[in-house]
Amino acid sequence: MTLELLQAQAKACVACRLMEGRTQVVFGEGNPDARLMIVGEGPGEEEDRTGRPFVGKAGQLLNRILEAAGIPRESVYITNIVKCRPPGNRAPLPDEARICTDKWLLRQIELVAPQIIVPLGAVAAEFFLGEKIPITKARGRWYEWHGIKVFPMFHPAYLLRNPSRAPGSPKHLTWLDIQEAKRALEALPPKAGRVRPVSQEPLF
Ligand code: URA
C-alpha cells in the first residue's frame, strides 16, 4: 500500500453522510516520510474547493506559524480527522470521525510513520487522547499514542478569533508550543525503517 493508492481509494469514499455535501475529498498532503504529522479537524470551504488541507485563512495562519518556527510546510504531512467538509463547517459528529479515522487516518499514520503528531484543536486532540479534554488543558503537553509522541496545539481558526498576542494569550502560547515542537523534532533519533540502503553498485 502507498499513500497514492490510499488516496485514490479515499476519493471514492461513500462511508458516511459527509460525502453528500463535499466537492472533493481532502485526503492530506506533504512529505510521505514526514517526522511530524499535523492533524486538523476537517476541510473548510477553501479546502473543499481546492482538495488541499489548510489552504484557507486558518491554513495561511498555520503556514506562518510553521515558517516562524523554521519548519518548512513541505517537510511535514498535513491531514484532518475527517476528509470531507461537514455542512456549514460544523464539527464532525462522533460517528463520522470514527468511520473516517478507521478507514483513512489510521492508515495514513501507518504509511507516513510520523514520530510526532500535532493535533490542532479539541476534536483532533480527543482522537489521540481518547477522551474529551479542553484544548486549553491539553495543549502544550506531551502525550503518547501507540508509541508516537503527541503534542496538541490550539487550532489556527481559534487563533484567528483570538488575535491578542499578549503574554498568556492563545497566540502567545502557540508561539511557545511550536518552538517546543521544533525542539523535539530536532532531538529525534533517525527515523527507523526508512533508511535507504547503501548501494552496492557504483552510483555513477
Ligand atoms: N481547518 C481544519 O481543521 N482543517 C483544514 O484543512 C482547514 C481548516
Side-chain angles (χ1 to χ4, degrees), residues 3 6-7 10-11 13 16-19 21-32 34 36-68 71-109 112 114 116-129 132-136 138-139 145 150-163 170-171 173-174 177-178 181:
L3 278 172
L6 193 66
Q7 180 163 11
K11 275 188 177 169
C13 185
C16 88
R17 66 183 80 78
L18 293 182
M19 64 162 284
R22 76 173 178 229
T23 309
Q24 303 190 58
V25 173
V26 181
F27 181 72
E29 67 179 25
N31 177 0
L36 171 61
M37 183 185 271
I38 294 174
V39 180
E41 180 174 310
E45 187 176 7
E46 202 54 22
E47 290 75 21
D48 178 66
R49 196 178 63 74
T50 58
R52 298 180 54 208
F54 283 101
V55 291
K57 285 235 162 65
Q60 285 160 25
L61 179 52
L62 175 62
N63 290 348
R64 294 201 294 277
I65 292 167
L66 291 173
E67 192 183 349
I71 303 173
R73 177 165 163 140
E74 320 78 69
S75 72
V76 309
Y77 189 85
I78 305 182
T79 189
N80 283 301
I81 291 290
V82 294
K83 312 307 194 209
C84 298
R85 183 192 182 195
N89 292 344
R90 66 158 166 76
L93 301 177
D95 67 320
E96 295 160 354
R98 183 175 35 76
I99 292 168
C100 200
T101 50
D102 271 4
K103 283 187 82 72
W104 312 116
L105 182 63
L106 291 180
R107 293 185 195 162
Q108 286 173 299
I109 294 170
V112 175
I116 297 177
I117 294 175
V118 168
L120 296 177
V123 170
E126 183 183 347
F127 175 75
F128 293 99
L129 273 45
K132 267 203 167 99
I133 301 182
I135 192 66
T136 46
R139 61 137 285 276
W145 180 86
V150 170
F151 189 68
M153 290 178 34
F154 285 122
H155 195 289
Y158 179 74
L159 302 180
L160 289 173
R161 297 192 297 271
N162 293 275
K171 266 198 165 173
L173 294 173
T174 297
D177 289 351
I178 196 68

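These numbers come from a predicted model, not from an experiment. Both ligands and their constituent atoms are indexed starting at 1 by order of listing. Side-chain atoms are counted along with the backbone in the values below, which use heavy atoms only and exclude waters and symmetry mates. Heads up: numbering here begins at 1 and tracks the sequence.
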Checklist outcome for this item: Output for ligand 1, non-hydrogen cut-off under 4.0 Å, lists Gly40, Glu41, Gly42, Glu47, Pro53, Phe54, Asn80, His155

Next on the checklist: For Arg64, give me all partners under salt bridge (Lys or Arg N to Asp or Glu O under 4.0 Å), at least two apart in sequence or on another chain.
Outcome noted: none

Checklist entry - Roughly how far, to the nearest 0.5 Å, is the CD1 atom of Ile71 from the CG atom of Leu36? => result 6.0 Å

Item to check | Point-to-point distance, once rounded to the nearest 0.5 Å, from OH of Tyr158 to OG1 of Thr136 | outcome: 7.0 Å

Checklist entry - Taking atom types as modelled and ignoring hydrogens, do the side chains of Thr23 and Asp48 form a donor-acceptor contact shorter than 3.5 angstrom? => result yes

Next on the checklist: Please find the pair of heavy atoms, one from Asp177 and one from Pro152, that lie closest to each other, and give the distance.
Outcome noted: OD2-O, 4.5 Å

Checklist entry - So, Arg73 and Glu29, do they make that salt bridge, N to O below 4.0 Å? => result yes

